[in-house]
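One structure below.
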Amino acid sequence: MRYTEVPSSPFIVALKKRRIKLGKIAVVPGTFDPITNGHLDIINRGASIFSEVFVVVLNNSSKSPLFSVEERMQLIIDATSHLPNVKVQTFSGLLIDYAESVNASAIIRGLRAVSDFEYEMQITSMNRVLNDKIETFFIMTKNQYSFLSSSIVKEVAKYGGKIDELVPSHVEKALKEKFNTY
Ligand code: ADP
């Protein structure tokens with residue numbers, strides 16, 4: 001049996017258009033204090049969909065982070081060096097202003113559990129009010145990272161617990177140095 005090319009249906013045309021749209025710039029914002037394997041999973045998957053991904057360390061004064069902005073950025077740079085389309089930056093202010101400044105068409109957030117949902121919905125709705133052209137995409141975490149957060153990692157690291165499966169090795173080293181738990 002010979003296969004002939006099916007003429008493009010409106011559906012296929014729409015899909016193709018969407019692909020072209022997806023091939024744009026996305027922003028992955030966060031505190032990243034420090035970057036974990038959960039964050040990295042979201043960044044990796046984002047980078048396989050969008051042509052450019054800007055990971056932005058938000059300098060949010062309401063949190064008192066363990067690592068400085070520069071340290072957090074360096075840990076992300078080292079963790080993403082295998083991804084040529086990922087850039088790491090920092091920003092103080094509204095995420096949507098940053099996203100506009102780099103011409104992003106999308107914001108990527110990770111979702112772990114239902115508990116993330118309400119907060120994310122508020123932020124997404126607010127961002128849509130501020131700029132409805134920038135779409136927020138959610139990437140569901142992998143099961144093994146669903147409990148993982150920077151806070152939990154810090155808590156475990158502080159008391160010398162095992163974190164080698166939760167963060168890249170250079171992050172583990174940086175945490176041990178901070179907490180003097182070598
Ligand atoms: P924020 O202060 O913006 O929540 P975080 O550094 O805690 O900053 O998280 C940045 C992003 O990474 C958020 O979208 C968050 O939901 C996501 N994220 C954090 N931990 C994980 C994980 N284990 N799996 C998937 N996504 C995660």
Side-chain angles (χ1 to χ4, degrees), residues 25-50 52-80 83 86-102 104-128 130-131 134-158 161-172 174-175 178:
I25 299 170
V27 169
V28 180
T31 311
F32 304 106
D33 185 41
I35 185 163
T36 68
N37 288 344
H39 291 129
L40 211 45
D41 175 43
I42 299 301
I43 296 168
N44 267 312
R45 287 154 72 193
S48 71
I49 299 168
F50 290 90
E52 263 193 286
V53 169
F54 288 80
V55 179
V56 59
V57 176
L58 293 176
N59 196 355
N60 182 347
S61 57
S62 69
K63 293 193 178 181
S64 39
L66 175 67
F67 290 95
S68 69
V69 168
E70 291 71 26
E71 288 172 325
R72 282 180 272 158
M73 286 176 73
Q74 194 56 52
L75 292 175
I76 304 170
I77 290 169
D78 293 343
T80 57
L83 299 169
V86 171
K87 290 191 181 68
V88 184
Q89 300 193 327
T90 183
F91 188 74
S92 309
L94 282 179
L95 169 61
I96 209 79
D97 290 340
Y98 170 79
E100 281 170 9
S101 75
V102 296
S105 56
I107 294 168
I108 299 176
R109 298 284 292 172
L111 270 188
R112 280 162 293 190
V114 183
S115 49
D116 279 342
F117 183 79
E118 204 169 327
Y119 173 74
E120 294 297 339
M121 203 172 110
Q122 277 182 5
I123 302 277
T124 303
S125 306
M126 192 64 232
N127 283 337
R128 198 178 300 119
L130 296 171
N131 184 336
I134 300 179
E135 201 64 66
T136 301
F137 287 80
F138 292 98
I139 299 185
M140 200 73 200
T141 188
K142 283 195 181 151
N143 290 354
Q144 72 257 43
Y145 303 136
S146 58
F147 67 94
L148 184 53
S149 68
S150 300
S151 319
I152 288 203
V153 166
K154 281 183 279 189
E155 197 62 22
V156 177
K158 192 172 166 183
K162 198 168 149 333
I163 51 167
D164 59 330
E165 284 175 15
L166 311 180
V167 293
S169 57
H170 67 286
V171 176
E172 181 184 4
L175 279 162
K178 278 273 174 207

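The first residue of the sequence shown is numbered 1, and numbering continues consecutively from there. Counting starts at 1 for both ligands and their atoms, in listed order. The structure presented is a predicted model; accordingly, all values stated were derived computationally and were not measured.
- The residues lining ligand 1, counting any heavy atom closer than 4.0 Å, are Pro29, Gly30, Thr31, Phe32, Gly38, His39, Ile42, Lys63, Arg109, Gly110, Arg112, Thr141, Tyr145, Leu148.
- In this structure, the side-chain contact (heavy atoms from CB on, under 4.5 Å) partners of Asp97, at least two apart in sequence or on a different chain, are Phe91, Leu94, Glu100.
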Ile35 vs Val55, side-chain contact (heavy atoms from CB on, under 4.5 Å): CA-CA, chis, key distance, verdict: CA-CA 11 Å; Ile35 185 163; Val55 179; over 6 Å; no

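- In this structure Phe67 satisfies the ring-ring contact (aromatic ring centres under 6.0 Å, His included) test with no other residue, sequence neighbours excluded.
- When side chains are defined from C-beta on, Val102 counts as touching Gln89, because their heavy atoms get closer than 4.5 Å.
- Between Leu166 and the choices Val171, Val153, Leu175, Thr36, the side-chain contact (heavy atoms from CB on, under 4.5 Å) rule is met once, by Val153.
- Annotation: salt bridge (charged side-chain N to carboxylate O under 4.0 Å, His left out) contacts involving residues 142-152, sequence neighbours excluded, comprise Asp41-Lys142.
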